[in-house]
Visitor: 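Before I ask anything, let me first share the structure, which is written out below as C-alpha cells.
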Amino acid sequence: MKGLIGLIVNIIIVIYLFLDAPKHNKSRWLWAILGLIFGPIALGIYLIQTGHKVLGWIITIVSILLYLLFIFLIVIAVVLFSTSGVF
C-alpha cells in the first residue's frame with residue numbers, strides 16, 4: 001500500500017513538472033524525467049529555480065532527510081541481522 005501511495009505521488013509530481021515547466025521556459029521533458037527519477041527532490045529544485053524558494057527548500061530538505069533516514073534504517077537492519085546469526 002505504501003509503495004502504491006509513493007508511486008501515485010511520483011506520478012503527480014511528473015505531471016505537474018511536465019505541465020508547468022513551459023510556463024517558466026524550462027524543458028518539460030527534462031523536468032518530467034528528473035521528476036520520475038528523483039521525485040520530490042526534483043520538485044523542490046524546480047520550485048527553487050522558478051521563484052518558489054521557501055517551499056522548494058522545504059521540500060528538498062525534507063526529502064533528503066527522509067531518504068537519509070531510510071538509508072540509515074536499512075543499514076541498521078543489515079547490521080542487526082548480520083550480527084544476530086540469522087544469515
Visitor: What pairs with Ile12 under side-chain contact (heavy atoms from CB on, under 4.5 Å), at least two apart in sequence or on another chain?
Guide: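 With neighbours one apart ignored, the set is Ile8.
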Visitor: Indicate every side-chain donor-acceptor pair of residues 26-36 with a distance under 3.5 Å to a residue at least two apart or in another chain.
Guide:
residue : atom : partner : partner atom : Å
Ser27   : OG   : Leu30   : N            : 3.2

Visitor: Mind checking whether Tyr16 and Val14 sit in one hydrophobic cluster, side chains of I, L, V, M, F, W, Y counted as touching below 4.5 Å?
Guide: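 Each belongs to a different hydrophobic cluster.
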Visitor: Would you list the atom pairs, donor with acceptor, under 3.5 Å between side chains in residues 48-69 and any protein atom, with sequence neighbours excluded?
Guide:
residue : atom : partner : partner atom : Å
Thr50   : OG1  : Tyr46   : O            : 3.0
Thr50   : OG1  : Leu47   : O            : 3.3
Lys53   : NZ   : Ile48   : O            : 3.4
Thr60   : OG1  : Gly56   : O            : 2.8
Ser63   : OG   : Ile59   : O            : 2.7

Visitor: Rounded to the nearest 0.5 Å, what separates atom CD1 in Ile15 from atom CG in Asn10?
Guide: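 So the gap between those two atoms works out to 10.5 Å.
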